[in-house]
Amino acid sequence: MPELPEVETVARGVDERVHGDRIVEVWFSSYPQPFKTSAARQHRGLAGRKIVAVHRTGKHIVCELGENKKSIEAQWVVHLGMTGRLLVTTPEAPVAKHTHARLELKSGKELRFVDPRRFGRLEFRDLKKNGAFAAAGAEPLTIEPEAFAALFRGRTLAIKAALLNQSLLTGVGNIYADESLFHAGIRPRRAAGRLTRAELERLRVALVQVLEASIRKGGSSVSDYVDATGVRGFYQLEHRVYQRGGEPCHSCATPIERILVAGRGTHFCPKCQK
DNA sequence: CATTTCACCTGGTGGC
DNA sequence: TGCCACCAGGTGAAAT
């Protein structure tokens, strides 16, 4: 479900509703997979802490914990995987199947992590011991043109595979890789290192435009993505190629092709993309 | 090292 | 209605 625009939408929604609130009680499911940090250690770290702010880094949601913004002591880092949801609810709201974490807040609200496939991850970081969370790759919304081009220099892998590599760029997933390549007019199987400087700049600009447009629409709800309050996004209505295999291209009416690149379903227009 | 493949999970869909 | 194959927003380990 969640790539940069979806994670940004969730992080903003959670921040609006819980910043300044204090965690008074913590509950975790017994499935070990979602816990990058053991449930016991997260429990000790989270209970009693105040959530100062919530924001996005790449595809991660970072909850800053401390007494105020100038004294952050710890972080709770949430990765939604494919099907994760981070929801702000009332305590009475029915607990959804596959709920793995419930943080009861002083205000009476609850912060819940729900994840059917359990590909998501929850991590607790003590800043003194572990340091602050940092993504490996660059932020696509702010990277400079020169640095963006340098990411792909000399690489033989497909440009689509390179876009998905989180240690190069952080936050781009299958939807926005396909959509940005369409808007830039570049075929997904092209070797990353063979793109011209002009093509790379078209790609960077397309990526920024697509990601920002999607954030404005609350992200893409292809099947089950919802924001922090359970509301779906609308950017799926703007998709030009993603999951449109066989359907006519909106620009030239040529049927959109679906192929496999880096093991992922990949969609492109054979006429508009060179 | 760079690149590719596969396993990790549940659930929805479409064919028979 | 049931069974089965296939597909899905991600990522890290193992293989090549």
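Just so you know, these numbers come straight off a predicted model, no measurement behind them.
At a threshold of 4.0 angstrom between heavy atoms, the contacts of A/Tyr242 are confined to the sugar-phosphate backbone, with no base atom among them. Counting non-hydrogen atoms under 4.0 angstrom, A/Gly173 reaches the backbone sugars and phosphates but no base. In this structure, A/Gly265 reaches the sugar-phosphate backbone alone: every heavy-atom distance under 4.0 Å involves primed, P, OP1 or OP2 atoms, never a base. At the heavy-atom level, A/Ser221 lies under 4.0 Å from base atoms of the strands shown. Counting any heavy atom pair closer than 4.0 Å across all strands shown, A/Lys97 reaches sugar-phosphate atoms only and no base atom.
Separation of the P atoms belonging to C/dA5 and B/dA7 is 16 Å when rounded to the nearest angstrom.
For A/Phe35 and A/Tyr31, the ring centers are positioned 6.0 Å apart or more.
At C/dA8, none of the side-chain N or O atoms of A/Arg264 fall inside 4.0 Å of OP1 or OP2 (strictly under the cut-off). For C/dG10, neither phosphate oxygen OP1 nor OP2 lies less than 4.0 angstrom from any side-chain nitrogen or oxygen of A/His79. Distances shorter than 4.0 Å separate none of the side-chain N or O atoms of A/Thr156 from OP1 or OP2 on B/dA2. Phosphate proximity of B/dC8 to A/Gln33: absent, as no side-chain N or O sits under 4.0 Å from OP1 or OP2.
Using a 4.0 Å cut-off between charged nitrogen and carboxylate oxygen, A/Arg121 and A/Glu123 do not count as a salt-bridge pair. In this structure, A/Glu16 does not pair ionically with A/Arg12, as no charged nitrogen and carboxylate oxygen lie closer than 4.0 Å. A salt bridge links A/Glu146 and A/Arg153; the closest N-O separation between the charged side-chain nitrogens and carboxylate oxygens is under 4.0 Å.
The distance from atom CD of A/Glu73 to atom CG of A/Leu127, rounded to the nearest 0.5 Å, is 8.5 Å. Atoms CZ and NZ, from A/Phe268 and A/Lys274 in turn, are 11.0 Å apart once rounded to the nearest 0.5 Å. One finds the CG atom of A/Leu207 at 11.5 Å from the CD atom of A/Glu179 (value rounded to the nearest 0.5 Å). Taking NZ from A/Lys106 and CD from A/Glu25, the interatomic distance works out to 14.0 Å, rounded to the nearest 0.5 Å.
Between A/Val88 and A/Thr229 there is no side-chain heavy-atom pair separated by less than 4.5 Å.
Residues from residues 112-125 of chain A lying near DNA chain C, meaning a heavy-atom separation below 4.0 Å, are A/Arg117, A/Phe119 in numerical order.
When the nucleotides B/dT3, B/dG11, C/dT11 are ranked by their closest atom to the side chain of A/His98, B/dG11 comes out on top. Closest to the side chain of A/Met82, out of C/dT11, B/dC9, C/dG10, is C/dG10.
The strand DNA chain C forms stems, runs of 3 or more Watson-Crick or G-U wobble pairs with distances below 3.5 Å, at B:2-8 with C:10-16, B:10-16 with C:2-8.
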